[in-house]
Amino acid sequence: MRLPESKIDVAVIGAGIIGVCTALELAERGMKVTIFDPAPVCSKTSYGNAGVISPWTCVPQSMPGLWKQVPRWLIDPEGPVSIRLGHLPRLMPWVLRFLAAGRPERLDPVADGLFRLSRGSVAAYKKRLAGTGQEHLVRDSMYVHVYRNPKAASLDHLGWQLRQARQVPIELIDKHALQEIEPHIADDFEAAILIKQQGRASDPAGIGIALAEKALAKGANHIQTKVNEIHPDQGSGCQLVTDQGVFTAKKIVMAAGVWSCQLLARFGIKLPLEAERGYHLVLRNPGITINHSVMDADQKYVASLMQSGVRVAGTAEFAGLEAAPNYARARRFADQAKKLFPQLNCADPDEWMGSRPSFPDSLPCLGAIPGVKNIIAAFGHSHYGLGMAPGTSEIIADYITKNIDHETLLPYSIMRFQ
């Protein structure tokens with residue numbers, strides 16, 4: 001890695017997929033960019049996702065009536081949601097905002113905000129990977145939601161209605177058609193709903209690494225160091241106080257995921273950003289082929305074949321940022337995956353945990369940060385970072401290079417939480 005230029009146009013804090021895509025987009029527009037992160041590229045939250053790349057994301061996490069299911073999920077040790085009791089008092093304000101975000105009148109504005117960031121994501125990744133030698137890391141796919149009860153596979157449910165209203169290509173299929181698509185699927189799944197024209201990553205971290213290398217080839221820099229403090233522009237640029245010294249940049253893009261709020265706290269900025277933990281289990285010698293990304297619609301976990309094996313990912317655990325991982329949640333995926341694919345070999349597992357940066361309304365914060373000149377938000381993408389990184393990078397680059405108007409970014413404004 002080269003030493004940074006004496007002048008940095010944009011410092012990107014965070015080497016996850018959001019930061020990497022933003023750095024690449026800015027470098028391609030002729031900006032002098034430096035990425036700062038103490039960890040290697042895409043080695044944290046961006047490493048461990050389910051690999052789903054959807055250009056059709058438009059269903060908020062909070063939906064009307066969801067609260068009725070939460071008690072059942074919480075008492076089920078294999079359920080999709082877990083809350084550590086010691087974290088519950090701190091979590092409750094976020095929960096209340098989360099439930100409020102699911103009001104019917106909020107659904108379409110949030111759905112539109114999600115959809116705008118995800119549209120075209122598969123094509124965008126293919127374009128960005130062109131010439132890297134890693135084009136194979138993004139594959140055309142479908143997202144297969146499988147159901148044991150065929151009556152539950154109804155396109156009349158609200159989530160599917162939101163998709164249909166936005167012309168998302170979906171199809172309801174029966175058991176026979178499902179087994180043709182996924183021959184190893186368990187016999188007790190009676191129906192499925194397909195989301196078509198999707199993509200899937202065979203190595204999510206590999207995508208980020210390839211794009212980071214492309215950004216470096218276009219003149220960007222990467223300094224693997226921790227940023228301890230940031231100082232807004234007061235006439236001579238923004239400052240970053242790091243473990244390797246002080247750097248000055250014309251602008252800072254805050255793309256540090258769940259760690260972003262730590263750097264903003266000294267300015268009195270308090271945001272309802274929760275570290276929503278997700279776990280995965282990689283089954284390294286699966287013994288079967290899975291053709292698409294497959295979600296168990298009841299248990300809310302996803303199985304997908306990657307270069308490293310079958311990755312089974314999902315669940316939401318709320319325990320705070322610093323609590324030790326509960327890898328039992330990852331190990332449970334072995335039994336659940338066997339219920340999905342009975343012939344799956346689970347003898348060689350590898351477990352992982354990461355923290356999703358989740359706001360209660362499912363949308364990220366993008367754009368201006370009140371009171372801190374030339375520091376720009378690009379964090380809080382919850383479950384959707386992989387799919388929304390290309391769209392986010394284009395919006396942030398437009399904001400920096402074209403001075404797009406405030407109204408364009410209003411759905412993602414930090415001010416919605418003030």
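In what follows, residues are counted from 1 in the order of the sequence shown. Since this is a predicted model, take the numbers as computed values, not measurements.
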Looking only at the side chains, is there a donor atom on one of His383 and Glu276 sitting less than 3.5 Å from an acceptor on the other? yes
Pi-cation contact, Tyr279 with Arg356 (under 6.0 Å, within 45°): no
Got a second to check how far Arg128's CZ is from Lys126's NZ, nearest 0.5 Å? 14.0 Å
In terms of side-chain geometry, is the basic nitrogen of Asp108 or Arg166 positioned less than 4.0 Å from the acidic oxygen of its partner? yes
Are any of the side-chain nitrogens in Asp296 or Arg148 under 4.0 Å away from the carboxylate oxygens of its partner? yes
Evaluate His145 against Trp160 for ring pair (Phe, Tyr, Trp, His ring centres under 6.0 Å), listing each step before the verdict. CA-CA 11 Å; His145 293 236; Trp160 297 110; 5.2 Å; yes
In plain terms, say whether Asp361 and Arg416 are close enough for a salt bridge, that is, a side-chain N and a carboxylate O under 4.0 Å apart. yes
Can you tell me how the ring of Phe359 sits relative to the ring of Phe379, calling it parallel under 30°, perpendicular over 60° and tilted otherwise? tilted
Is a salt bridge present between Glu322 and Arg90, judged by a nitrogen-to-oxygen distance below 4.0 Å? no
Should the ring pair His280 and Trp352 be called parallel, tilted or perpendicular, given that the plane angle runs from 0 to 90° and is split at 30 and 60? parallel
Are any of the side-chain nitrogens in Arg29 or Asp398 under 4.0 Å away from the carboxylate oxygens of its partner? yes
Under a plain distance cut-off of 3.5 Å, with no hydrogens placed, do Tyr125 and Glu135 share a side-chain donor-acceptor pair? no
